[in-house]
Amino acid sequence: MAPTTASGRAVICLDGITRTAIKRLTPPIAWDDYVARLRQRRSDLKVVHLKQPYDWWEIIAGRAEEYPVLVEHMLAVVREQVAANLSEIVLLGFSMGGLTALNLAHAASQLVHNFQPQYVAYVSLGTPFGGTGYLSDTMLKQLHISYIQRIFDLESTKRYMRDLLEYARTGQLRILLGQIERDELVSPQSSWLPADWLYFVDGQPNLRWDKFIVPTGNLIRAHDGLLHDPVALAFIDGLVDGLLPSPADQGDYEPFPPFAFL
């Protein structure tokens, strides 16, 4: 694959929605600091930060906008900030951001059809594809809140994943499913659930997928503190550089060589 210009290469970072109820125990679980550093470190990339209302209490109290409205607003940001000549895109979804990334790929046919990128990579980090996988699911299922119900809408998740897989018929698709080491909120069975579906996908030579463990330095609150954990952030940097090498390292390359960093 020939090298591409910066305007045609993008990393889109999607926030999660939860953090510890006692806010001083962990820093905000948004991509703000990482995005600022990535923009400095990789000026060759267009970096877009899509924010979710990560304050648990705002969601429960109904002060946050409804989830479908949030997805539409995110889509508008993507349309505004991403160039029409996009050729390579990496979606980094942290926690529920991994589910929202699937919503975007489904709702925004522009993301893969109108822009016609040559290459799309979808990376989830501690995403609750099948609920949290813990006893807390019993209580959460009783909350009639659009954000929470999205976590348990397994049929939509499967359908959106199938939609994403359709892209592999015309372009290169990479799917990486990340489990966070010592994750206190999402079980490995939930964060790796799509592997059960992808295992049976065949006849798509443009598709590569794998699952991995995100190493963490935090001994407690590994999920909540992920985006401020130096060990985890260094690993995420490696993911980005493996999926979208810098121009100096790019040359004639194939993004994400198999098991390059797993």
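All residue numbers refer to positions in the sequence shown, counting from 1.
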note = Residues passing the salt bridge (Lys or Arg N to Asp or Glu O under 4.0 Å) test with E166, sequence neighbours excluded, are R169
ask   = Can we say R37 and D237 salt-bridge, meaning some charged N sits less than 4.0 Å from an Asp/Glu carboxylate O?
value = yes
message = Between D153 and R159, does any NZ, NE, NH1 or NH2 come within less than 4.0 Å of an OD or OE carboxylate oxygen?
response = no
Same cluster (ILVMFWY, side-chain, under 4.5 Å), [X] and [Y]:
X: F152; Y: L70; value: yes
X: Y199; Y: L165; value: yes
X: F212; Y: V11; value: yes
X: L226; Y: L219; value: no
X: L227; Y: V35; value: yes

Do [X] and [Y] come within less than 4.5 Å of each other through their side chains, counting heavy atoms only?
X: V47; Y: R41; answer: no
X: V201; Y: W209; answer: no
X: V231; Y: F235; answer: no
X: V90; Y: R174; answer: no
X: L193; Y: T157; answer: no
X: Y147; Y: E65; answer: yes
X: E72; Y: L75; answer: yes
X: I148; Y: K141; answer: no

To the nearest 0.5 angstrom, please state how far the [atom1] atom of [X] sits from the [atom2] atom of [Y].
X: L125; Y: L176; atom1: CG; atom2: CG; value: 9.5 Å
X: R150; Y: L102; atom1: CZ; atom2: CG; value: 6.5 Å
X: D33; Y: L233; atom1: CG; atom2: CG; value: 9.0 Å
X: I145; Y: I151; atom1: CD1; atom2: CD1; value: 10.0 Å
X: L38; Y: L45; atom1: CG; atom2: CG; value: 6.0 Å

Backbone of [Y] reached by a side-chain donor or acceptor of [X] within 3.5 Å:
X: S187; Y: Y134; result: no
X: S146; Y: E66; result: no
X: D15; Y: W31; result: yes
X: S191; Y: G126; result: no
X: R42; Y: P245; result: yes
X: D44; Y: S246; result: no
X: Y119; Y: L243; result: yes
X: Y122; Y: G93; result: no
X: D137; Y: T132; result: yes

ask   = Are M161 and I175 close enough, and set up right, to give a side-chain contact (heavy atoms from CB on, under 4.5 Å), and what steps lead you there?
value = CA-CA 10 Å; M161 182 64 78; I175 297 177; 4.0 Å; yes
Looking at every heavy atom in both [X] and [Y], which two are closest together, and how far apart are they?
X: P188; Y: Q179; result: CG-NE2, 3.3 Å
X: M96; Y: Q52; result: C-NE2, 3.9 Å
X: A168; Y: L207; result: CB-CB, 4.0 Å
X: R182; Y: G217; result: NH2-C, 4.1 Å
X: T127; Y: S95; result: OG1-O, 2.8 Å
X: W197; Y: L154; result: CZ2-CD1, 3.8 Å

Worked verdict on V77 versus E80 for side-chain contact (heavy atoms from CB on, under 4.5 Å) = CA-CA 5 Å; V77 172; E80 177 183 346; 5.5 Å; no
Working for side-chain contact (heavy atoms from CB on, under 4.5 Å), residues L92 and V240 = CA-CA 9 Å; L92 294 176; V240 172; 3.9 Å; yes
request  = Examine the side chains of Y167 and N206 and answer whether a donor and an acceptor come within less than 3.5 Å of each other.
outcome  =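 No.
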query = Out of V214, T216, I180, which one pairs with H223 under the side-chain contact (heavy atoms from CB on, under 4.5 Å) rule?
reply =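 Of the listed residues V214, T216, I180, the side-chain contact (heavy atoms from CB on, under 4.5 Å) partner of H223 is I180.
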inquiry  = Checking T100 against L50 for the side-chain contact (heavy atoms from CB on, under 4.5 Å) test, could you report, in this order, the C-alpha distance in whole Å, the side-chain angles of both residues, the deciding distance, and whether it holds?
reply    = CA-CA 10 Å; T100 305; L50 299 179; over 6 Å; no
